[in-house]
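Residue numbers begin at 1 in each chain, while the letters A, B, ... track the order of the sequences.
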Number of protein chains: 2
Amino acid sequence: MEYSIGEVAKELNLTVYTLRYYDKEGLLPFVNRTSSGTRLFKESDIEALKVIECLKSTGMPIKEIKTFIDWVADGDATLQQRYDMFLERKAVVEAQMEEINKTMELINHKCNYYKTALDAGTEDIHKKDKIEV
Amino acid sequence: MEYSIGEVAKELNLTVYTLRYYDKEGLLPFVNRTSSGTRLFKESDIEALKVIECLKSTGMPIKEIKTFIDWVADGDATLQQRYDMFLERKAVVEAQMEEINKTMELINHKCNYYKTALDAGTEDIHKKDKIEV
DNA sequence: TTTAGACTTCGAGTTAACTCTATGAGCAAA
DNA sequence: TTTGCTCATAGAGTTAACTCGAAGTCTAAA
């Protein structure tokens with residue numbers, strides 16, 4: 001089964017503009033075309049796009065993702081680079097998880113702070129501690 | 001104790017350019033100045049900046065953070081808005097946590113995939129399943 | 001066969017969040 | 001008092017990642 005750019009966009013919650021932009025940036029060299037030039041995405045292309053979205057969500061810029069895509073095309077000679085890259089991404093995501101936990105702590109603190117203030121009708125209830133924003 | 005913009009930048013791992021930009025965008029109306037115009041950050045200003053960085057890390061744009069800063073200046077009348085905002089941020093962060101867990105799953109899968117391929121010396125070891133990127 | 005809708009490329013425009021340059025002031029040490 | 005560092009503003013420049021407009025092609029339904 002093959003899919004048009006519009007179908008893929010809908011499936012992955014992207015726009016067709018974004019997919020064409022990815023292609024323009026060299027992220028989708030594996031996507032085939034019809035004789036008239038229309039892109040035909042296969043199942044494995046969609047899986048590759050999910051990996052691209054995964055890398056993007058770790059904060060990896062498009063240019064670095066392209067480097068990875070180039071490595072894939074280069075075959076077994078680049079297995080070590082690709083392994084190292086994913087190990088590095090793993091470390092990045094672990095750091096993000098720590099960061100997000102700290103963020104959640106502060107957000108929760110603020111939820112409690114404002115719940116208490118709201119119940120009291122005034123923020124002054126907290127002024128005994130210190131002035132907060 | 002009060003701090004210069006350079007000291008605050010170093011402390012919070014920001015640049016002085018960024019801090020001045022925040023000020024320009026209305027995020028730091030509470031920071032006092034010397035008679036000659038130099039910014040003097042107090043302890044509570046640094047705490048406020050940490051909240052700003054926290055909101056930023058949830059993906060909140062500067063303009064929305066400014067709205068919040070304006071609410072703070074408006075006092076008790078905006079307690080409900082501020083509470084609602086933090087509840088919304090909490091939901092956003094919870095979604096981010098789910099997203100990041102999925103990301104980590106895929107990254108881990110890829111780490112294992114490439115470790116196995118590397119040990120075998122070729123990616124073909126996985127070709128029995130399906131072609132992967 | 002014409003009309004609608006989805007597809008194509010090229011290149012320009014947009015947006016957020018910085019990031020820096022130019023120019024000048026304040027201040028402390030040599 | 002000059003040197004050097006940090007501070008200030010205004011406004012221009014940068015960057016990434018889209019996002020879109022123009023102009024044209026392809027295909028299926030009416």
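Out of C:dC7, C:dT19, C:dC10, the shortest distance to the side chain of A:K24 is found at C:dC10. Out of C:dT8, C:dC18, C:dC20, the shortest distance to the side chain of B:Y22 is found at C:dC18.
B:F86 and A:Y114 have parallel rings, their planes meeting at less than 30° on a 0 to 90° scale where 60° marks the start of perpendicular.
Checked against A:Y3 for a side-chain hydrogen bond (donor to acceptor under 3.5 Å, both in side chains), the options A:K42, A:R39, A:E43, A:E11 give a single hit: A:E43. Checking A:T18, A:L28, A:I5, A:V31 one by one against A:D23, the side-chain contact (heavy atoms from CB on, under 4.5 Å) holds for a single residue, A:L28.
Here B:S4 lies in heavy-atom contact (under 4.0 Å) with sugar-phosphate atoms only. Using a 4.0 Å heavy-atom distance criterion, B:T15 is classed as making no nucleic acid contact.
Regarding contacts with the backbone of C:dA6, every side-chain N or O of A:R20 stays at 4.0 angstrom or more from both OP1 and OP2. OP1 or OP2 of C:dA25 has not a single side-chain nitrogen or oxygen of B:S36 nearer than 4.0 Å. Under 4.0 angstrom from either OP1 or OP2 of C:dT8 there lies at least one side-chain N or O belonging to A:R39.
Geometrically, A:K24 does not engage A:Y21 in a cation-pi contact defined by less than 6.0 Å to the ring centre and at most 45° from the axis.
A:R82 and B:E123 are joined by a salt bridge, as a carboxylate oxygen and a charged side-chain nitrogen come within less than 4.0 angstrom of each other.
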field: From CA spacing to verdict: side chain to side chain donor-acceptor pair (under 3.5 Å), A:K66, A:Y22
entry: CA-CA 9 Å; A:K66 178 179 165 23; A:Y22 287 179; over 6 Å; no
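Atom CG of A:L19 and atom P of C:dA6 are 15 Å apart (whole Å). C:dT8 atom P lies 11 Å from atom CG of A:L28, rounded to whole Å. Atom C1' of nucleotide C:dG5 and atom NZ of A:K10 are separated by 13 Å, given to the nearest angstrom.
Using modelled atom types, one finds no donor on one side chain facing an acceptor on the other under 3.5 Å when comparing B:E105 with B:N101.
When each of A:Y21 and A:T38 is assigned the nucleotide of DNA chain D with its nearest heavy atom, A:Y21 is the one assigned upstream, toward the 5' end.
Mapping heavy-atom proximity under 4.0 Å, the span of DNA chain D touched by chain B runs 5' to 3' from D:dC7 to D:dG11.
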